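Since the structure comes first, as structure tokens, the remarks are kept for the end.
Here the structure is a predicted model, which means the values were calculated and not measured. Atom set for the values below is all heavy atoms of this structure, side chains included, hydrogens, waters and symmetry mates excluded. Letters go in sequence order (proteins before strands), and every chain restarts at 1.
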There are 2 protein chains.
Amino acid sequence: MRPGVSKAERAREAAIPVLAEVFREHGYEGASLALLGDRTGLGKGSLYHAFPGGKAEMAEAVLDAIEAWFETRIYAPLRDEPDPRAALDRMLTETDAYFRSGGRACLVGVFALTDGRDRFAVRIARYFTGWRDALAAALTRAGFSSADAADRAEEAVSAIQGGLVLARALDDPAAFGRMLARLRLRLDPNGGATPGR
Amino acid sequence: MRPGVSKAERAREAAIPVLAEVFREHGYEGASLALLGDRTGLGKGSLYHAFPGGKAEMAEAVLDAIEAWFETRIYAPLRDEPDPRAALDRMLTETDAYFRSGGRACLVGVFALTDGRDRFAVRIARYFTGWRDALAAALTRAGFSSADAADRAEEAVSAIQGGLVLARALDDPAAFGRMLARLRLRLDPNGGATPGR
DNA sequence: CGCTCTCTGTACCGATCGGTACAATCTGCG
DNA sequence: CGCAGATTGTACCGATCGGTACAGAGAGCG
């Protein structure tokens, strides 16, 4: 079946989401090969066959997958969707779902704070600049001045990370939802104008 | 000299700030005893003599020291200073200095995101609730409604963590300063009323 | 079927992990 | 000085780290 797609390649694709979860929970150094092997159900032999570069290649593959996901599901719509308001709304919804309403940490944020920072600095920075710039583009199209859009975009990206840290620190995922609600107001061109009712 | 203060006790006090820095940079698991020993200049024998509980006790001592610092320098003034506006201003200034204008990570945030979370959950949560509640008290005294104060306090604590993550991710400490500037406006009872000039 | 190439479980590598034991040294004090 | 307790460097412990080697099992194909 599916010629051209080796078993190793399929195993690799199947393993990536699991590897991502382990890195998310334990950080780069904290994710041991034993743990990675257990959770993926792959022995050391298979793991190194699919990722000849070892743990570093696994982390790179995971970061690439994450970047691709955000690019297609969030950044591209922010840039290209005709209705910027719809794209902003979609971003908030997708973000809430992706981070499981605060129950899931951000792997890129975890890497940024601890080990992986030096090792994966370029990918880490690209994840955040990509989000910030795409968001700024949408905000500009939605009517904010260029400077205001840039400022709010940086604030939003920063706030999301803060919400995830706080949700985990307090063991209260709802803190993430409250942060998203505040964000929704602040990304609305009418925000604060008419508080409604 | 100084009777009652053993050499081990003095070594302990002197080591704590250094240990804190190492934990900050490498996380709990990433901070190896070898690294801890090198940076403090203490051999394994001395380290275990000062901290019989090993690495866990070192981390606990560091977390206690951090909590004490924030309690006296930030939380208590927020609660007790007669002029809440002055306390808020002091908080922002002290916070900027403590995190070296974005050049330093938050150890509690690092622990919350990775390893130490289960191990130090109580202390981690207390650090954030302490900050949030003291800040809410000051905001209430400054004129915000109780609900509004609570919401802004949570937002501020969250935003600070987000700013630190972003500053490290982009390797751009200035991102932390920009976040603090936004915060200053949002914690001002007159914020947004008269944008000035 | 039988050959070949892909895949994988297992044993093993040196290094390092956190922690312990202890003898040697230092220090304060009578 | 000389003793007792505090202090510390060093050797060592078993466990685990990331990574390698490789023999044998498995799969695809003529």
Are A/Asp96 and A/Phe176 close enough, and set up right, to give a side chain to side chain contact (heavy atoms under 4.5 Å, CB included), and what steps lead you there? CA-CA 8 Å; A/Asp96 187 50; A/Phe176 183 69; 4.0 Å; yes
In whole angstroms, the gap separating P of C/dT8 from CG of A/Leu47 amounts to 10 Å
Requested in this report: Taking only the side-chain nitrogens and oxygens of A/His49, find out if one of them lies under 4.0 Å from OP1 or OP2 of C/dT8.
Outcome: no
* **Under 3.5 Å donor-acceptor, A/Ser46 side chain and A/Leu42 backbone** => no
B/Arg12 CZ to D/dT7 P, in whole Å, measures 13 Å
A/Leu36 atom CG is separated from D/dT16 atom C1', nearest whole Å, by 15 Å
Checking D/dG18, C/dG18, D/dT8 against the side chain of A/Lys44 (C-beta onward), the nearest is D/dG18
Query raised in the report: Do the ring planes of A/Phe111 and A/Tyr28 sit parallel (below 30°), tilted (30 to 60°) or perpendicular (above 60°)?
Result: perpendicular
From CG of A/Leu42 across to C1' of D/dG26 the rounded distance in Å is 15 Å
message: What contact category does A/Ala31 fall into here, base, sugar-phosphate, or nothing, at under 4.0 angstrom with non-hydrogen atoms?
response: sugar-phosphate
Whole-Å distance, B/Glu57 CD to C/dG18 C1', equals 14 Å
The residue, A/Glu29 or A/Gly45, whose nearest nucleotide of DNA chain D is more 5′ is A/Glu29
**Prompt:** Should the pair A/Arg104 and A/Tyr98 be classed as cation-pi, given the thresholds of under 6.0 Å to the six-membered ring centre and 45° from the axis?
**Reply:** yes
Whole-Å distance, B/Leu33 CG to C/dC17 P, equals 8 Å
Rounded to whole Å, CZ of A/Phe51 lies from P of C/dT8 at a distance of 12 Å
Here the distance between atom C1' of D/dA15 and atom CG of A/Leu35, to the nearest Å, is 16 Å
Remember a base hit wins even if backbone is also touched, and classify A/Ala34 as base, sugar-phosphate or nothing at under 4.0 Å, heavy atoms. sugar-phosphate
Against the side chain of B/Tyr48, the closest entry in C/dG9, D/dG19, C/dT20 is C/dT20
* Asked: Heavy atoms, side chains only, cut-off 4.5 Å: are A/Leu166 and A/Asp172 in contact?
  -> no
Among C/dT8, C/dC17, C/dG19, the one nearest any side-chain atom of B/Ser32 is C/dC17
